[in-house]
Asker: 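One structure follows; several queries about it will come next.
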There are 2 protein chains.
Amino acid sequence: MRSLSELNIMIIIRILGFLLLIEGAFMFTGIPFSITQCNENCYSLLISGAITAFSGTIMWFFTRKHANKNLGKREGYIIVALTWVIISLFGTLPFLISGTIPKFTDAFFETISGFTTTGATILTDIESLPKGILFWRSMTHWIGGMGIIVLTVAILPVLGIGGMQLYTAEMPGPTKEKLHPRITQTAKRLWGIYVLFTILQTLLLMLGGMDLFDSLCHTFGTMATGGFSTQNASIAGYSPYIQYVIIIFMVLAGTNFTLHYLSLHGRLRKLWENEEYRYYILIMLFTGILLTVFLALLDDKPFEAAFRTAVFQVVSIVTTTGYITDDYLLWPKFLWIIIFLLMFVGGMAGSTGGGMKVMRQLLIFKNSSVELKRLIHPRAIIPVRLSGKVVPQDIIFKIMTFFLLYMIIFAFGTLVMSFTGLDFETAIGSTAATLGNIGPGIGMVGPVGNYSEIAIGGKWFLAFLMLLGRLELFTILILFSPAFWKK
Amino acid sequence: MRSLSELNIMIIIRILGFLLLIEGAFMFTGIPFSITQCNENCYSLLISGAITAFSGTIMWFFTRKHANKNLGKREGYIIVALTWVIISLFGTLPFLISGTIPKFTDAFFETISGFTTTGATILTDIESLPKGILFWRSMTHWIGGMGIIVLTVAILPVLGIGGMQLYTAEMPGPTKEKLHPRITQTAKRLWGIYVLFTILQTLLLMLGGMDLFDSLCHTFGTMATGGFSTQNASIAGYSPYIQYVIIIFMVLAGTNFTLHYLSLHGRLRKLWENEEYRYYILIMLFTGILLTVFLALLDDKPFEAAFRTAVFQVVSIVTTTGYITDDYLLWPKFLWIIIFLLMFVGGMAGSTGGGMKVMRQLLIFKNSSVELKRLIHPRAIIPVRLSGKVVPQDIIFKIMTFFLLYMIIFAFGTLVMSFTGLDFETAIGSTAATLGNIGPGIGMVGPVGNYSEIAIGGKWFLAFLMLLGRLELFTILILFSPAFWKK
């Protein structure tokens, strides 16, 4: 008999198999778009989907005896980490088979960049790719976004990572040791909102004159806070109307989906009562207006254009989407340094946004100011409050640990990337932009640059950073801890 | 009757007066070196010293009725912050009166850079200054170093700042609410060691052929981990013997002086048992050897020269001294990025070194790794240990708060400095180098650069950062908290 504490490998294989089956099905959805330009690469999506779904089916079928086995925390960690790796491995098939991205390193970089909703690309001429392949590329974002909603709202709180416990209080969800009980229910509700917003944005973009294909691709990139576009110029070539639509949906995608759920169920007041939400909106508003003023004065732009340019870039970076309408590296230095600092904000927890998350920033600022009061009144117990409620000290502790680990990895990452031969700004920029799941950074990998010139080792390292950042660091790091593998 | 909780301004003035009296006396010590080159500026030290000492005497005399009043924590904070500001204000006199640094902003920058043991200079041709003035310039380091030893070992632990409580356990010292009881005793012991090392280093430098003047100035710069030199080329022009002597004394100056006290009293084993000390030495050894290998291979230097160059720069940056023998910005990029990252290490707490301090880094790394174990065993209480002893969670909490505040100030500082028109690297470099009390940074303020080209506003801001960094952030920030000024 297998003891309960032993790792249940069969159930891991079974769940991964199920997810591959779904991935394969998603690959087929791009086929209608590839039919119109059918050439020798026409069948790449069909073949890739078939291989992926077939592999999934085999894994699912041969583990059917283990369907009702218990799923513990350790299995949870392994499944989460392996999911992103395995769907990215199979996700490279359309690129490789079609020959659009012939090198495996590049294909893997592009795919994991998609699934982690990063949006960093190695492509130099996006528009030359067949539509079916571009559709799959944007689809990886959308799937990744779905995954991340479940992960942060339903799974990470149970695993106790980096202050995510704060969310279990907000939403009826699983609080027990075992993972599966209410995940399905929570996931269904939030996915419903995700799909609703996706339909809404697609329609609004089509209203602005975009065709169905471009509308869907850009909606996928927006809702997942991903950033893959079908155009070499990202969003710069589109009308102001389109740009405003994307701004609004980037803000929505960077918002905690639990808040959307509550708002849509009549509790709109909950939104503004939520301190994290207020802070999230105010950061973007404040820096947006600040940049507007400077761009209007220094670049001599008309006010509306300055406002749109400023707010688009700010919202895109804060929500970690990474779409752009202007090359911020051409702005005066201190303006793009503001953009660079915004890369460390991140969306709200429980959104599809990456990065450190607004909530963590807010609590760390609050704790720093409370610490001064504690020094003045050393005997008083002065707690940190969020939306009026006391935040337990041990959660602040976990959040600070997360934040510091993020900074340590950022520093170490910069060093590694500079070792691959990059200049200082590109090393810093590529690390911040991948760890924060943003996409464009500074230096060579800025808004009009891309990741094609990074060395092979550097690409694999950045892919690892995307995964680390997307899975809230600990989910990956814990797998490197010897204690994890002991009974 | 004045209530006990009311701020006792008289005692603050009295103590500051006493310190000015001492400062004036120290100014006179440079006179012997100025006699040999007596010109129209000859009397500047004499006049400055007289003004300073006279001002101090007046402050001291007119508050004589308040000599035995109680000194509370609030007065403690104010005295600490004001001390560095006021002695820096009076410390500008020799530069202003002699006309060697005619602008007040520059003179204040240079003086506070001295007293905070930073070593950032606005001078472009150091060697053109009269000896008496250079002696005073180096003397500000030595006085600042004396001040910081008392501050970190005797005063900050009582104020409860950033984990400094860890030191009260090591050394018999004040643990009560009131400040004065045993400060004198602790200070005398540690100052004894400081003076002893100063004499020793001066003699060893003279043995290497340096004259008394240069030996004293460089010893002041070393023992205080300051970095002001009398030469434009810093230490680059001196013999290997001199460079090794300075390396050794930089390491000593960056070590907790309490450990020196214990070692000199026969408890040498205490040194290696101290985990912070081991970590401090190992960081320098590891990066030193790493850089040696790269410099030997890439720069094609002979092994001894590569080793000396690598270790000198590493030790100088880690201890926050800032002397240099080579322009590390000319090294391959990833090597100077290592140097840049070392700027965030800092010396040991209780040394004259600035920065974040080795102890804080060590505890944060330990806590991060322990946090992974806590995730795996959520019900177990797993403490962080330092030198085998459990470190209370609330001290780790304070240390993390300190670290995060440091990073926030660093990010904000970079933004402010880029606003003054600096490029990205110089903005980052000047902020890191002043906040960490190092001196040379990267970019325009690198090893062969200086701070002369920084805008006036930027110089005042950097002066503020030096003060913030030197006084462990909270001592200054608390004065901006409204709660501090309420009864």
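Nothing here was measured: the structure is a model prediction, and the numbers come from that model.
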Asker: Between B:Phe412, B:Trp336, B:Phe344, which residue shows the highest count of heavy-atom pairs closer than 4.5 Å to chain A?
Answerer: B:Trp336
Asker: What distance separates A:Phe419 CZ from B:Ile337 CD1, expressed to the nearest 0.5 Å?
Answerer: 12.0 Å
Asker: Got a second to check how far B:Met400's CE is from A:Ile396's CD1, nearest 0.5 Å?
Answerer: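 Here the rounded value is 10.0 Å.
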Asker: Of all the heavy-atom pairs spanning B:Ser368 and A:Thr401, show the shortest one and how long it is.
Answerer: CA-CG2, 4.0 Å
Asker: For the CD1 atom on B:Ile381, are there more than 12 heavy atoms of other groups (residues, nucleotides or ligands in this structure) within a distance under 6.0 Å?
Answerer: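 No, because the 6.0 Å sphere around CD1 of B:Ile381 holds 12 heavy atoms or fewer from other groups.
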Asker: Please indicate whether A:Ile456 has more than 12 foreign heavy atoms, meaning atoms of other residues, nucleotides or ligands, lying under 6.0 Å from its CD1.
Answerer: no
Asker: Mind checking whether A:Ile428 and B:Ile428 have side chains closer than 4.5 Å, heavy atoms only?
Answerer: yes
Asker: Within the structure provided, determine whether B:Phe484 and A:Leu372 are in side-chain contact (heavy-atom separation under 4.5 Å).
Answerer: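 Side chain of B:Phe484 against side chain of A:Leu372, heavy atoms only: no contact under 4.5 Å found.
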Asker: What part of B:Leu341 lies closer than 4.5 angstrom to a heavy atom of chain A: side chain, backbone, both or neither?
Answerer: side chain
Asker: To the nearest 0.5 angstrom, please state how far the CD1 atom of B:Ile478 sits from the CZ atom of A:Arg374.
Answerer: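 Between atom CD1 of B:Ile478 and atom CZ of A:Arg374 there are 12.5 Å.
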Asker: Is there side-chain contact between A:Phe402 and B:Glu371, with heavy atoms separated by less than 4.5 Å?
Answerer: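 A:Phe402 vs B:Glu371: side chains apart.
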Asker: Tell me, do A:Phe397 and B:Asn367 make a side-chain contact under 4.5 Å, heavy atoms counted?
Answerer: yes
Asker: Counting only heavy atoms closer than 4.5 Å, note whether A:Ile364 contacts chain B via side chain, backbone, both or neither.
Answerer: side chain
Asker: Non-hydrogen atoms of chain B under 4.5 Å away: do they reach the side chain of A:Ile408, the backbone, both or neither?
Answerer: side chain
Asker: In terms of heavy-atom pairs under 4.5 Å with chain B, which of A:Leu415, A:Asp423, A:Leu422 leads?
Answerer: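 Counting heavy-atom pairs under 4.5 Å, the top option is A:Leu415.
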Asker: Select, from B:Thr414, B:Leu477, B:Leu405, the one with the greatest count of heavy-atom pairs under 4.5 Å involving chain A.
Answerer: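 The candidate making the most pairs under 4.5 Å is B:Leu477.
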Asker: Heavy-atom distances under 4.5 Å only: say whether A:Met407 touches chain B with side chain, backbone, both or neither.
Answerer: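 For A:Met407, the side chain is the part near chain B, not the backbone.
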Asker: Under 4.5 Å between any side-chain heavy atoms of B:Phe424 and A:Ile442, yes or no?
Answerer: yes
Asker: Taking everything shown except B:Lys373 itself, do over 12 heavy atoms lie less than 6.0 Å from its NZ?
Answerer: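 Result for NZ/B:Lys373: open.
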Asker: Is A:Phe294 close to chain B through its backbone or its side chain, or both, or neither, when contacts mean heavy atoms under 4.5 Å?
Answerer: side chain
Asker: Side chain, backbone, both or neither: which part of A:Phe340 has a heavy atom under 4.5 Å from chain B?
Answerer: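 Just the side chain, heavy atoms under 4.5 Å.
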